[in-house]
Amino acid sequence: MSAFLLKRLARMLGVLFVISVAVFLIFNVMPNEPAAQIAGKSATPQLIAQVEETWGFDEPLPEQYLTVMKLTFTGELVSYTRQLDVDEEIWKGLPATLSLCLGAAVIWLLLAIVFGYLSAFRAGKATDRVLMLVSLISISLPIFLVSSLALNYLSYKLELFPSSGYVGITEDPLDWAYHLILPWTTMAVLFVGLYARVLRANLLEVMDEDYVRTARAKGLGERQVRIRHVLRNALLPIVTLFGLDFAALIGGAAIITEYIFSLGGIGQLTANAVADLDLPPVMALSMLAAFFVVVLNTLVDIAYTWLDPRIKLERAQ
Amino acid sequence: MEGSPRRTALRRLRGDRGAIAGLVLFAAIVVFVLAAPLWANHVADTGPNATHTTEKVEVDGEPREVVSVEGKPVGPLWLGAGGKFFLGADGRLGRDEMVRLMYGGRTSLFISLTASLIATLSALALALLAGWFRGRVDAVISFLLDVIWAFPVLLLGIALGTALAVGGLQLGPLSISAGSIWIPTLIGAFVFAAYIARPLRGEVLALREQEFVKAAVAGGAGSGRVMLGELLPNLVPTAIVLFTVNVANMMLLEAGLSFLGAGVQAPDASWGTMIAGGFEQIVSSPRLMILPSTMIFLTVLSLNLIGDGLGTALNPRSRATTEAHTGRFEAEYEGA
Amino acid sequence: MRKLGAVLVVCGAIAASAIGVAGCGSSSSGKEGGTLKVSFVAGADYLDPQLSYFAEGWSSMYNTYLPLLTYAHAEGDAGNEVIPALAEDLPTISKDGKTYELTLRKGLKYSDGKPIKASDFKATIERLFEVESPGIPFFTDIVGAEDFLEGKAKEIAGIETDDETGQITIRLVRPRGPFVNELATPFAAVVPPGTPAKDQTPNPPPATGPYEIVESNPGRSWSYRRNPEWARNNAKLMPDLPSGHVDRIEAKVVSNDSTQVNEIEQGDANWMFDPLPPDQVAEVRARFEGTQYRTVPSNSTYYFWMNTTRPPFDDVKVRQAVNHALDPAALERINAGEITSTQQVLPPAIPGYEQFELYPHDVKKAKELIAEADPADRDVTVWTLNISPNDDAAAYYQDVLNKLGFDAELKTVNANSYFTVIGNPSTPDLDTGWINFFQDYPHPDDFFRALDGANISSVNNVNLAQFDDPKVNAKIQELAEQQLGPEQEAEYAELDREVMEQAPWAPYGNRSLSLFVSDDIDFDEVIWSPTFAGDLTSFQFK
C-alpha cells in the first residue's frame, strides 16, 4: 500500500510541476508586457527597462520561473498590477468563497438526498418522474442566467435580498446568511439535479444487493433497511463525487456567482487576475486549485479501490 | 431468444417517451438553425452582422427607430414589419436578434458537435491504449489526464484568446487564424477528452477481464485486433452516451469562453457571445440574455434526454454513464 | 463649534475670491456631518500619490494629499485653473522659462502633527523617481533628474530648498509650458520625508488635506475621516481650499456596475464614481434627471487612429473619407447618448479648442474619395479592446469600412493587454483601431503629444497613427516651451485644424460622464472637477 501511496504522491508532484510550467509558459507566450504595464502608459523605454530590471523580467525564462516558484512557496508573491501581497489577498477572499461553496453544497446535498431517495423508492411512479424532470431541468440551466435573473428580479426589482457584499460570519451571523441566501440558492438550483440523479442511480443499484436482501430477511423494518443500509451505502460515491467537484466549483461556478453578487472571494480574484494577465496571483491560484484537484482525485481513487475491488488500479501491477 | 442487443436497445429507446421528446426537440432546434439563410434572405432581409444603428423600420405604417438616441434597441416587432426584427434589435448596433439567434445557433452547434466528436475519438484512443497496455503507457496517459483535469481552463481560454487575437497560431503545417472558431473548439476538445477518457478507461479495465477478450488473446489476436475488434465495439454504446452528454457540456463551455472573450470573436454571433452581450443589457432588455440562454437550455435539455434514453437503452446500469454526468460538472464550471 | 467656525471662514473666503465654488454662500440648508458612502467598480489603483495614475486614485486623493499647487474646486473651465495649495502663490517663472520659484506656506502640518518643510518637496520628487512612478516623464526636465533616475546622482540637483525661508527653486533643462499643471498633479503631492520608496497603499502616508485615509484594504475598501490637523491648523493657512461637509467617507469596490446603480437608487450608497452602465442610462435619466442625476463633461477625446505608414491609410484621401463616412448619430446611439460629436483633437474645455467641421457626414463624398484614391490594399484590421461600448463602436467602424469597399476584420484584445499590443509598432496588421484619451491635466500639449513624430516609440507608443510631419512636430515642441496665453491658444487652435486637414485620426466624440447621487445628498452642491471627478469636499447630506 505504501508503495502505491508513494507512487501517487510522486505523480501528484509531477502534475503540479507540469501545471506550474504550463501556466508560466502560457503567460510568457502571450503578447503581454508586464514591465510596460507596471511602468504605466506614459513610460519611456528607459523607464520600462528599469522596471524590467527591478522585477527580473530581463532574466532568462528558466530563472524567472524559479524565482516565481520560490516566491510562491515562501509566500512572498507580489502581484504585478497592484503590488499587493498575493497570499494576503487569497486569505482575505477565502472566507467568502468557502461560505458560498460550502453553504450552497449543504443545501443542494440535503435536497438531493431527499429527491434521490424519494425518486428511487418510488421508481417509475409520478413522484419519480416529476423529480427527475425537475433534476433534468436543473442540470440544463446555464448558471449566469439563473444568477442574473435572480439578482435582477429578486434583488433589484423586488428588493427582497441585498445585491452585493459579503459580511463575515463572525461579524454578524444573520447578516452573513442574509447576504448569501440568493447566491446559495442560485448555485444550489444548478447542482441539485445532478446529485439527485446520481444518488437515484446509486440507490437503484444498491437496492438489489445481497446484503440489503439479507437485512430485510433479518426482519428489519423497511425504513430502517432503506436508510441504514441502502442510503448509507449509496451516499459514499456521492461524497467522493462532491470532493472532486468542490475544487472545480471554486474555479468555475463560484467565479460567476461571486462576480454577479460582488462577493469578493477568491473566485473573483482569479477572474480579475486572469483578465489582467497578472502572473503572480494566477500562478498561486492555479497551483492552489490544481493541488486541491489532484489531492482529492487521489483520495477518490484510493476510496474507489477500497469500495470496489473489481477495479484494481496500480496495485495489479 | 432475445433479438440482437442493438434491436433491443432500439426497442427500449422507442418506448422511452423522454428520449423521443428529446429527439424531437433537438431536431426542431437543428431545423431552426439550418433555416437561418432562408430567414435572413427572404424574411428579415439582413445578415447577422449588419448594423442598423441609425435606421428606421416601418411598423404598421409608422417609422420606428431601430436604436433610440439613448441607445435602447427596439423590442420584438413580431410580424409588424414583415418579419424584420422579429425578436427586436440586439443592442446599440441594431442587428436583427432573430437572424443572429439562428446563425449563432449554427456556430454554437458546430463548435459543440465538433469538439465533442474530437474529444470522444481522442478519449477512445487514449482509453484503449491506457486500459489495454497498462504499465508505463497507462502511467503516462493517466498522468496527462490528471494534468488536464487540474488545469486552469480559464487561463488557457483567455491566454489563447488574447494570444491568438493578435497573431493566430502556427503549429508546423497547421495554421489557425486569429478569431477562428477552431479556438473554442480545440479548447473544448482538449478539456473534455480528459473527462471522457476516465470513465472509458475504467470500462476498458473491466472489459479486459471478460471471457471473450481472454478468448481472443488465446486465439492469437494481436493488441491491435483486440483493441479495435473486441474492446472498441463494446465501448461504442458508452461512448455515444458520453458524446451526447458532452455536446451539452460543450455548449455551456462555449458560452463561458465567449463570455470571457476567448471563444467566438466579435462581431460574429454564437449563443455564447449573445449571452455575453445580453448580460450587459439585462436591466433594460432582459430578452437579449434570456433568448440565447433559453436556446442553450433547450438544446442541453434535449441532449440530456437523449443521452439518458440512450444510456438506459444501451446499458441499463452502466456506471460509466453516471460518471459521464460527473465529468460534465467539472467541465461546465471549470470553463464557465 | 470650532469646526463650524472654520467652515464659515472658508465659505466667506471663497465667496469673496469668487473662485466659483457652488453652494457655500447659497441657501444651503444642508447639514454638516454624516458618513458618505462611495462605490467603485475598480478600486483606486494606488492610494499612494506618487504612484497613482488612474482617475479612481486621483479622485480619492484630491483632498487628502496636497501638492504645492492644486486645481480650483469648481466645475468646467473654472476647475481647470491652477491655484496655490501648500505654496503661498503661483510660481514665479524666469524669463527664459527655465526657473520656477515658490514659497512654502509657514506653519503647515501633516495629519500626524509633524511640520511640513520645504525640503519635503524635494524628497517627494526624489521618491517619485525611486518608486519608478508612471509620472516620471512629467518631471524628467528638471536639472539632474535623469542622473538621479539612473542612479548616477544621490539627489536631484535642480531642486533647491531652504527650510528656514520656505523657498523652493526648481531649475529645468528646457522651458516646459505644462510644468505648472504637472506640479498640481498628485504626483507632486508632498509626503513626509522618509516615506518608504515602495507602494504605501496598504498604509497610506499622513495627509495634508481636509480628509485623511484611516483604513485601507487595497482593491476592496478604504475609508476617511476629517484630518484633525486641517481644522486645527492647515485650513486657516489655506482659506481658499474647502474643508468638506461630511465627517467620514467610506469607499468600497462593487464589481457589478448594475449593483452600483441599484444601491444608489435604494440609498445604500451615496455616490458612484463610475459612469452609468450604458444599459441603464435611459432609465436613470428618465427617473432622476435634475434631481439626482446629471451628465458632466470630461476632457477626453475618443477617436479611431489610422496608421499613416501603411496602406490603405497612408493615403490622406482614404483617411478623409473615413472622417466623412462615420455617422455621429450612430456613434451617439452606440454610446447611449453619452458622447458629444467632435472632429477636433482637443476637447471643448481645453484651452485652444475651437470648433470647426472639416468633414461633414457624407457617405457619397466618402465613396468618391475612395474611388479617387483607389487603394490597392483593401485588407484592413480594426483593433479594439473588449470593453463596452467601445467594442461596439469599433464593430460599427468595421461595418462602415466594409460598406466603403474594404475587407475589414475586427480584432478584439483583452483590455489589460490592449495598449501594450497596439503600442508596439511591430505588431502585425496594425492598420487602425479604437482609442481614447483622458487628460492628465488641462493643457493642450497633453493631447498633441500623441501627434508629435518625436514620440513614436517602440514600446507604449502613444502616437498610434505614427504621424510624423516635421512642421507639426516643430510647432508642438515650440508651443510646449511657452507659457499658455491667448496667443498660444490661438496657435493651438490653428494646429488642431492643420492636423485634422491631414486626418491621421477620425475623432468621433468627447465622452460625458455622469454624476448620480442618492436622494439624501444635496444634489445642487456637488462639484464635478474636470480632473478629479466628484469633489469629496462638496458632498453634503440634505
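Keep in mind the model is a prediction, meaning the values are calculated, not measured. Chain letters run A, B, ... following the sequence lines, proteins first and then strands; every chain starts at 1.
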### Per-residue contact mode, C:Glu332 against chain B (heavy atom under 4.5 angstrom)
both
### Message
Counting only heavy atoms not in C:Lys365 (residues, nucleotides, ligands), do more than 12 fall under 6.0 Å from its NZ?
### Response
no
### Task
Could you tell me the separation between the CG atom of C:Asn256 and the CZ atom of B:Phe279, rounded to the nearest 0.5 Å?
6.0 Å
### Query
Rounded to the nearest 0.5 Å, how far does NZ of B:Lys72 lie from CD of C:Gln280?
11.5 Å
#### Entry: Partner of C:Arg333 under side-chain contact (heavy atoms from CB on, under 4.5 Å), chosen from B:Leu93, B:Thr53, B:Val66
B:Thr53
### Query
Atom CZ of B:Arg92 and atom CG of C:Asp279: how far apart are they, to the nearest 0.5 Å?
7.5 Å
### Selection from B:Ser284, B:Ala50, B:Gly277 maximising heavy-atom pairs under 4.5 Å formed with chain C
B:Ser284
### Which atoms of C:Asp399 approach chain B - backbone, side chain, both or neither, heavy atom under 4.5 Å
side chain
### Any side-chain heavy-atom pair of C:Gln398 and B:Thr51 under 4.5 Å
no
### Query
If you round to the nearest 0.5 Å, how far is CD of B:Glu280 from CD1 of C:Ile387?
10.0 Å
### Message
Between B:Glu55 and chain C, with a heavy-atom cut-off of 4.5 Å, which part of the residue counts as in contact: side chain, backbone, both or neither?
### Response
neither
### Message
Is C:Pro278 close to chain B through its backbone or its side chain, or both, or neither, when contacts mean heavy atoms under 4.5 Å?
### Response
both
